[in-house]
Amino acid sequence: MTSTTAVVVTGIGLVTPIGTGRQRFWDALMAGHSGFGPVKSFDTGGFGVHLGAEIADFNPRDYVFALDPETIGRSSHLAIAAARLALQDGLLELDKTDRRRAGVCVGTTSGEPHFIERFDDHYVSGELERVGKEFITRYPCHVVPGHVAKELGLAGEAMMIPTACAAGNYAIAHASDLLRARKTDFMLAGGADSFSRITYTGFARLGAIAPEVCQPFDRNRKGMVPGEGAAMLLLELKERAIARGARIYCEIGGYGLSCDAHHMTAAHPQGEGAARAMNIALTKSGVAPSQVDYISAHGTGTPTNDRLETIAVKKTFGQLAYEIPISSIKSMLGHTMGAASAIEAAACALAITEGRIPPTMNWVSKDPECDLDYVPNVSRARDVRVAMNNAYAFGGNNSSLILTASSA
Amino acid sequence: MGVISSLGDSPALLHSALCQGRTALHPVQEPGFDDLTCRQAGHISAFHPEVYLPEKNLRPLDRTGQLVVCAAKLALVNSGWTADKLGAHDVGLVLGTMFGSVHTISKFDRHALIQGPSYASPMDFANTVINAAAGQTAIWHKLRGINSTIACGSTSGLVALGYATDLIRYGHQIAVLAGGADEFCFESFCGFERAGLLYGNGEGRPVPFDHRRTGFALGEAAGLLMLEDWEAAVSRGANILAEIRGYGSTYNPVSDQSGNESDAIVRAIQAATEDAALSLVEIDCISASANGSVNLDRDEAFAVKTLWNGYSSLVPITAIKSMVGETLGASGVLQAIDLVETMRTGQLPGIAGLDEFEPTLPSLDICRHERSIRVRSGLVNSIGFDGHACALLISKPQDPN
């Protein structure tokens with residue numbers, strides 16, 4: 001699997017509802033901590049549900065120095081924090097690198113939704129005159145990677161890939177392509193989303209939000225829990241990482257992306273597109289299905305997602321599906337939208353280096369339609385050489401990213 | 001290629017309108033815009049999606065979705081990808097957009113604020129995601145390959161063409177429908193107006209490189225190109241219109257909307273020539289990003305001067321945005337489509353309305369009027385308001401089949 005153009009993960013930065021920073025995140029994940037609580041960032045009085053996964057105690061001034069944190073949105077704050085943490089974790093000294101060959105690629109669902117929400121507040125209250133220039137300079141989603149690049153002085157490509165709930169995988173995939181083609185030396189790639197009234201309203205209207213707890217793959221699961229967060233991975237070519245003596249978490253083996261072309265908000269009933277993405281990822285990575293040690297599920301906790309995802313995994317792996325541990329960390333973090341698959345990719349990288357698989361929490365009773373090994377409630381020691389990170393999104397988008405242990 | 005624009009719904013119509021120097025800018029008369037000072041835009045006043053898609057229910061699509069689904073239909077027909085062929089091969093879709101539909105996002109939220117969250121529209125919610133148009137288009141035309149959306153502000157469309165080209169070069173797809181789109185709507189128009197980026201009413205002109213430019217005119221469009229692996233295109237007997245040679249995408253981390261973007265533009269063009277293995281002397285014309293913005297037009301002009309270093313008066317430069325407006329995510333794609341038409345027809349459009357070239361700008365071969373030209377390779381620039389720059393190189397097919 002390893003070649004001279006292998007792309008490796010050398011830094012991990014995380015801001016999540018269960019903890020900020022790689023170690024605190026991992027410890028919380030292993031302990032099965034929950035990031036859920038009543039929504040605080042807006043009034044949920046008119047809603048039938050009130051559960052969210054917001055990040056408490058996050059102070060942007062701990063991470064945003066070059067830019068004025070008052071002039072940028074929360075998704076940018078979270079992304080900048082994750083980016084700084086990833087650089088620190090990867091011990092990359094920017095002053096010694098060619099900043100023109102360092103780029104940023106972020107995935108998101110909503111970008112900076114708070115600015116359109118304030119616009120709408122003004123609109124509804126008949127005070128449109130209060131909309132100022134900051135709406136257009138702070139709202140469009142491409143400002144998030146732009147702010148990361150500005151804060152850190154990175155002059156390579158700064159791209160946003162807004163492919164909704166699978167966006168983090170898309171961003172990591174694109175960054176790995178740029179690195180393999182030697183178009184860039186370093187990439188910060190991941191995802192970011194801040195807690196959004198619009199997103200919450202939509203999922204509440206679809207009846208998709210769990211009232212009390214997120215229970216992926218459980219027989220009585222009642223839905224997902226919207227969340228917020230950011231994860232950034234520091235990616236570079238293996239040869240460069242070795243040359244600078246960097247710690248290597250894992251390699252990005254390859255990826256598969258596909259589209260159901262079936263329905264905007266519902267997955268294909270036979271898991272057609274999802275299975276196709278998994279198969280492409282396996283082929284591109286040169287990995288046999290039997291080599292997969294862990295699958296990080298999309299696992300939102302909605303009745304439909306978890307059932308169809310199980311079908312897709314069986315369609316791809318056949319009988320082997322029953323032997324591969326598969327878990328959903330959304331049982332702890334909630335669904336952090338565009339950040340989710342980036343956070344889950346970080347969890348895969350850590351599963352490979354730490355030799356442990358995170359659990360699916362809140363699993364109580366077996367669903368006959370979800371009969372795989374979901375690593376219920378307790379983390380598990382396992383030598384993970386190959387991890388598959390699956391994520392799905394509105395628009396029928398399917399993504400599978402393969403991360404592999406890196407031989408020295 | 002497929003295009004829905006305020007100057008026509010085919011590459012040939014768009015190109016001939018541009019060559020004639022026609023302008024799509026006209027008064028904004030839609031209700032609800034009364035509080036805004038700027039009253040001119042380049043939106044499509046008569047867009048009728050049912051003309052292109054008579055057989056289907058259009059209700060699930062918002063305006064951005066309609067623009068993209070229609071442009072995709074035109075591009076599929078134009079490139080010979082029939083429903084049968086799409087059934088047998090996975091074709092990708094990459095869409096560049098600045099906003100998706102900020103109108104749909106706002107409308108959904110406002111409705112919930114006024115009526116209560118339980119009255120929010122599930123159909124609108126599906127379209128609030130920024131990749132909604134790409135998803136809707138995939139469903140409509142059965143595009144099962146990689147479906148991605150790229151957001152890099154007004155450079156989104158050109159970056160999407162580069163990204164899609166790489167998906168093919170790196171062996172991820174054989175064919176990708178790629179381009180960009182942004183709709184004209186109150187929310188974005190109001191935002192740009194409040195930010196002072198639009199040219200004012202009565203004062204100033206939205207004309208690239210003009211001495212009296214004060215900002216741009218907001219437009220809307222969708223444009224898509226069917227990009228294919230060369231060998232695969234030849235083997236299916238496709239009519240090859242042009243070859244994407246390479247691209248460069250950069251960012252200026254010291255940009256603050258009044259800063260100088262020249263360095264990022266220079267690096268994007270250099271990266272594109274390197275990617276394409278082309279030298280600057282092989283570039284026969286430039287389609288500039290210039291849109292009437294005071295600083296960006298200046299920075300682009302100086303970037304060209306820097307690169308061509310003494311020979312910048314030898315490469316003809318045109319710009320289309322005084323005619324079709326600033327179409328944001330579609331803008332670079334319209335430029336690319338027009339460049340392909342320029343290669344085919346041998347006619348390069350002039351910059352309509354350019355009467356007084358800014359005297360402090362460097363000496364360039366600015367194309368003020370339509371000109372006969374032989375283009376083997378051309379450069380498309382796309383420059384954002386806040387630091388993004390992209391350059392794409394296109395050549396005439398070397399081996400016409």
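Labels below follow one simple rule: chain letters A, B, ... track the order of the sequence lines, proteins then strands, and each chain is numbered from 1.
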Checklist line | A/Lys183 with B/Asp275: basic N within carboxylate O range, under 4.0 Å | finding: yes
Next item on the list: Would you please go through residues 198-207 of chain A and name the residues with a non-hydrogen atom below 4.5 Å from one of chain B, in numerical order?
Entry: A/Ile198, A/Thr199, A/Thr201, A/Gly202, A/Phe203, A/Arg205, A/Leu206
Next item on the list: Counting only heavy atoms closer than 4.5 Å, note whether B/Glu187 contacts chain A via side chain, backbone, both or neither.
Entry: both
Next item on the list: Kindly say whether A/Ala155 contributes a backbone atom to a donor-acceptor pair with the side chain of B/Arg267 at under 3.5 angstrom?
Entry: yes
Margin query: Using 0.5 Å steps for rounding, measure from the CG atom of B/Leu197 to the CD1 atom of A/Ile136.
Written below: 8.0 Å
Next item on the list: For each of B/Ala138, B/Ala112, B/Cys152, tally heavy-atom pairs with chain A at distances under 4.5 Å, and name the one with the top tally.
Entry: B/Cys152
Next item on the list: For side chain to side chain contact (heavy atoms under 4.5 Å, CB included), just list the numbers for B/Phe99 and A/Ile116, CA-CA rounded to whole Å, side-chain angles, deciding distance to a tenth of an Å, and then say yes or no.
Entry: CA-CA 11 Å; B/Phe99 290 106; A/Ile116 187 67; over 6 Å; no
Note to self: Taking side chain as everything from C-beta outward and backbone as N, CA, C, O, which of these in A/Glu134 sits under 4.5 Å from a heavy atom of chain B? Side chain, backbone, both or neither.
What the structure shows: neither
Checklist line | Contact origin within B/Ala132 toward chain A - heavy atom pairs under 4.5 Å | finding: both
Margin query: If you count every heavy atom of other residues, nucleotides or ligands that lies below 6.0 Å from A/Phe65 atom CZ, does the total exceed 12?
Written below: yes
Next item on the list: Answer whether the closest heavy-atom distance between the side chains of A/Ile161 and B/Tyr163 falls below 4.5 Å.
Entry: yes
Check: Given that the side chain runs from C-beta out, which part of A/Val106 has a heavy atom under 4.5 Å from chain B: side chain, backbone, both or neither?
Finding: neither
Notebook entry, point to check: Which value, rounded to the nearest 0.5 Å, describes the distance between B/Asn147 atom CG and A/Asp260 atom CG?
Noted result: 10.0 Å
Next item on the list: Go through the atoms of A/Phe135 and report whether side chain, backbone, both or neither lie under 4.5 Å from a heavy atom of chain B.
Entry: side chain
Note to self: Has B/Tyr251 got a side-chain atom pairing as donor or acceptor with A/Gly103's backbone, closer than 3.5 angstrom?
What the structure shows: no
Margin query: Please rank B/Pro117, B/Gly196, B/Ala134, B/Gly100 by heavy-atom pairs under 4.5 Å with chain A and give me the top one.
Written below: B/Pro117
Notebook entry, point to check: For chain A, which of B/Gly92, B/Cys390, B/Gly116, B/Ala151 has the most heavy-atom pairs under 4.5 Å?
Noted result: B/Ala151
Margin query: Please classify the contact of A/Thr109 with chain B as side chain, backbone, both or neither, using a heavy-atom distance under 4.5 Å.
Written below: both
Checklist line | Residues of residues 122-130 of chain B contacting chain A, heavy-atom criterion under 4.5 Å, by residue number | finding: B/Pro122, B/Phe125, B/Ala126, B/Asn127, B/Val129, B/Ile130
Check: Looking only at side chains, do B/Ser106 and A/Asp120 share a donor and an acceptor under 3.5 Å apart?
Finding: yes
Checklist line | Atom pair CD1 (B/Ile146) and OH (A/Tyr170), whose distance is rounded to the nearest 0.5 Å | finding: 8.0 Å
Check: Any side-chain heavy-atom pair from B/Asp109 and A/Glu117 closer than 4.5 angstrom?
Finding: yes
Next item on the list: Using non-hydrogen atoms and a 4.5 Å limit, figure out which bit of B/Leu167 sits close to chain A: side chain, backbone, both or neither.
Entry: side chain
Next item on the list: Drop me the distance from B/Arg194's CZ to A/Glu129's CD, to the nearest 0.5 angstrom.
Entry: 7.5 Å
Note to self: Under 4.5 Å from any heavy atom of chain B, what part of A/Leu152 do you find: side chain, backbone, both or neither?
What the structure shows: neither
Item checked: side-chain contact (heavy atoms from CB on, under 4.5 Å), paired with A/His142, selected from B/Asp386, B/Ile150, B/Val159 -> B/Asp386
Check: Non-hydrogen atoms of chain B under 4.5 Å away: do they reach the side chain of A/Phe119, the backbone, both or neither?
Finding: side chain
Checklist line | Least distance between heavy atoms, A/Lys150 atom then B/Pro253 atom | finding: CG-O, 3.2 Å
Check: Have A/His174 and B/Asp166 got a donor and an acceptor in their side chains that come within less than 3.5 Å?
Finding: no
Check: What do the steps show when you test B/Asp90 against A/Ser258 for side chain to side chain contact (heavy atoms under 4.5 Å, CB included), and what is the final call?
Finding: CA-CA 9 Å; B/Asp90 291 347; A/Ser258 74; over 6 Å; no
Check: More than 12 heavy atoms of other residues, nucleotides or ligands under 6.0 Å from CD of B/Gln115: is that the case?
Finding: yes
Item checked: Any B/Val102 side-chain heavy atom under 4.5 Å of A/Tyr139 side chain -> yes
Next item on the list: Take A/Leu257 and B/His172, measure what side chain to side chain contact (heavy atoms under 4.5 Å, CB included) needs, and give me the verdict at the end.
Entry: CA-CA 9 Å; A/Leu257 307 175; B/His172 296 298; over 6 Å; no
Check: What part of A/Arg100 is in contact with chain B, defined as an atom under 4.5 angstrom from a non-hydrogen atom: side chain, backbone, both or neither?
Finding: both
Next item on the list: Let me know if A/Arg99 has heavy atoms under 4.5 Å from chain B in its side chain, its backbone, both or neither.
Entry: neither
Check: Under a 4.5 Å heavy-atom cut-off, does chain A meet the side chain of B/Ile105, its backbone, both or neither?
Finding: both
Margin query: To the closest 0.5 Å, what do you measure between NE2 (A/His263) and CD (B/Gln136)?
Written below: 9.0 Å
Next item on the list: Measure distances from B/Phe192 to the heavy atoms of chain A and classify the residue's part below 4.5 Å as side chain, backbone, both or neither.
Entry: both
